[in-house]
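Reading through the structure tokens given below for one structure.
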Number of protein chains: 2
Amino acid sequence: MTEDTKPRAFGFRPLYLQVRESLVRRLIDGSWQPGQLIPSEMELARELGISQGTVRKALDVMRAENLLISRQGRGTRVAEPEESRILFQFFHLVPDNGERSFPNSRVLHRDRARASKAEAEGLNTEAGAEVWRIERVRTLEDAKPLLIETITLPAARFPEFEALAAIPNNVYRLYSQTWGITIGGASEALKAISASAEDARVLGCAPGTPLLEISRTAFDLAQAPVELRVSRCLTEQAHYRADLR
Amino acid sequence: MTEDTKPRAFGFRPLYLQVRESLVRRLIDGSWQPGQLIPSEMELARELGISQGTVRKALDVMRAENLLISRQGRGTRVAEPEESRILFQFFHLVPDNGERSFPNSRVLHRDRARASKAEAEGLNTEAGAEVWRIERVRTLEDAKPLLIETITLPAARFPEFEALAAIPNNVYRLYSQTWGITIGGASEALKAISASAEDARVLGCAPGTPLLEISRTAFDLAQAPVELRVSRCLTEQAHYRADLR
DNA sequence: TGACCTATATCTTATATAAGACATTAAATG
DNA sequence: CATTTAATGTCTTATATAAGATATAGGTCA
């Protein structure tokens with residue numbers, strides 16, 4: 001047996017991880033759309049020329065990454081940026097007493113501008129690149145303002161952004177439906193700061209009130225930064241919840 | 001075929017999760033100690049009367065939970081509360097520029113007291129139960145104070161605590177080695193507050209400086225609360241890092 | 001002889017494939 | 001509309017191979 005039947009090269013990763021990568025590409029290039037039912041494990045196995053068990057292992061990883069959702073007897077489908085899941089995954093502010101609920105939003109500004117140095121660095125673009133900036137106030141159930149946040153988007157990746165009539169509450173679903181951009185993860189940096197005069201006016205608190213500043217960089221499925229977001233939050237009746245396991 | 005050969009009762013969970021639970025119990029009751037090499041997958045499969053693949057699936061889950069560590073050819077051992085892992089898992093404050101490093105500690109007080117109402121609630125004990133309170137200051141590489149924190153422990157679970165000569169930097173390893181208590185997870189609530197006069201004195205900042213307050217409840221492997229910890233952190237040169245995937 | 005090296009055997013986990021059992025859904029049937 | 005049946009998917013078991021880690025036997029050389 002002189003020939004290599006198995007593709008066992010040198011530093012290669014296991015087959016199931018290669019399969020995962022190949023399947024993630026289908027999500028990135030949009031050939032598999034959110035909500036869509038993907039082929040059964042047997043079909044994928046036949047198509048890729050591997051066993052069903054290996055396909056399963058790749059799907060297991062993708063399920064753990066919240067990219068797929070399987071239900072027994074029903075099939076496996078591409079995860080959608082669904083309200084409650086997004087809420088659970090990305091919105092970590094919860095009222096001190098009571099359940100987590102859906103925040104509402106009111107847009108204050110929407111401007112086209114040139115990226116600051118920090119923004120360009122965070123978005124991995126050139127300094128001075130065009131960006132959109134959205135500033136909005138968010139509230140929980142009660143109408144009392146909870147936070148004020150600034151979202152920065154690279155204009156290059158969001159063409160015809162100006163045509164939007166309104167900016168919905170759940171922008172990640174908007175990114176997905178309008179531009180085919182799926183947010184796959186994010187990195188947040190939290191600091192305590194003092195409310196500026198402007199913050200205080202919008203949030204209805206005293207200037208100098210301690211605020212929780214959340215600086216988020218959100219990434220697409222290819223791990224490229226897509227959105228910057230700085231939120232300044234009142235934490236007198238709410239807190240940022242992190243579970244460490 | 002009228003008899004049920006398989007134990008397939010009604011709302012039962014999959015076999016591999018039952019196996020996981022049974023193995024976690026060995027960690028809880030101490031029959032498997034941290035650092036110890038556990039039986040091979042084949043041995044466990046024989047002992048439990050199931051296949052090696054199912055044992056593997058249970059171990060997969062436990063590895064993902066940071067309870068076990070496997071290395072090919074070497075075996076599987078119970079995870080130890082090792083410095084860098086604890087740091088990565090539980091200590092989320094990192095310098096704004098630079099690598100995460102090991103914080104140092106200086107103990108200010110160590111007192112026996114009676115639990116406040118909030119403490120009793122958080123620790124799931126009766127109000128007025130005996131607790132230990134440790135207050136300490138932590139610094140990063142530079143000697144500049146980073147945070148001041150208060151740790152509250154239920155005296156009932158930490159007998160002869162008073163005999164301790166010193167309190168080490170890594171208390172979770174202390175809990176494990178001295179009382180056999182393994183911290184398996186924690187829940188943190190973050191708020192922005194103002195530095196009190198006392199905080200300011202210890203941290204070397206102005207009174208009223210915004211601080212990041214981290215209120216942590218740490219749980220043992222049986223999901224019972226074991227430790228309360230409130231940290232008040234300067235975030236001028238550091239931030240709390242959270243990665244959402 | 002004693003120290004050291006090396007090839008080999010053996011144990012363990014990691015990866016891959018295959019097949020039967022069980023669960024759920026949806027279509028077909030009366 | 002209720003029941004049955006078929007299709008699809010997941011769960012569990014079984015088996016085989018690959019590769020890392022370690023112990024051991026045997027040989028070489030100072």
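Naming convention: chains lettered A, B, ... in sequence-line order (proteins, then strands); numbering from 1 in each chain. Keep in mind that what you see is a predicted model, and the values were worked out from it rather than measured.
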I need the [atom1]-[atom2] distance between [X] and [N], as an integer number of Å.
| X | N | atom1 | atom2 | answer |
| --- | --- | --- | --- | --- |
| B/Arg77 | C/dT12 | CZ | P | 13 Å |
| B/Leu15 | C/dA21 | CG | P | 16 Å |
| B/Ile69 | C/dT13 | CD1 | C1' | 15 Å |
| A/Ile50 | C/dA18 | CD1 | P | 11 Å |
| A/Asp60 | C/dT15 | CG | P | 13 Å |

What pairs of donor and acceptor atoms, side-chain ones from residues 152-161 of chain B against any protein atom, are under 3.5 angstrom apart with sequence neighbours left out?
unit_1	atom_1	unit_2	atom_2	d
B/Thr152	OG1	B/Glu119	OE2	3.1
B/Arg157	NH1	B/Asp220	OD2	2.8
B/Arg157	NH2	B/Asp220	OD2	3.4

- Candidate nucleotides D/dC11, C/dT15, C/dT17, ranked by approach to the side chain of A/Thr54 - the nearest: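 My answer, after comparing the listed nucleotides, is C/dT17.
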So, the side chain of [X] versus the backbone of [Y]: is there a donor-acceptor pair under 3.5 Å, distance only?
| X | Y | value |
| --- | --- | --- |
| A/Arg138 | A/Cys233 | no |
| A/Lys191 | B/Ala238 | yes |
| B/Arg71 | B/Arg77 | no |

- Message: Whether A/Asp60 and A/Arg63 form a salt bridge (side-chain N of Lys/Arg under 4.0 Å from carboxylate O of Asp/Glu) is what I want to check.
- Response: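 A salt bridge is present here (some side-chain N lies under 4.0 Å from a carboxylate O).
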- Task: Nearest 0.5 Å please: distance from the CD atom of B/Gln36 over to the OG1 atom of B/Thr76.
- Result: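 Here the interatomic distance stands at 12.0 Å.
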Considering only nitrogen or oxygen atoms on both sides, find all protein atoms under 3.5 Å from nucleotides 8-10 of chain D and state each distance.
unit_1	atom_1	unit_2	atom_2	d
D/dG9	OP2	A/Ser40	OG	2.8
D/dG9	N2	A/Gln72	NE2	3.4
D/dT10	OP1	A/Ser70	OG	3.3
D/dT10	OP1	A/Thr76	OG1	2.8
D/dT10	OP2	A/Glu41	OE1	3.3
D/dT10	OP2	A/Glu41	OE2	2.6

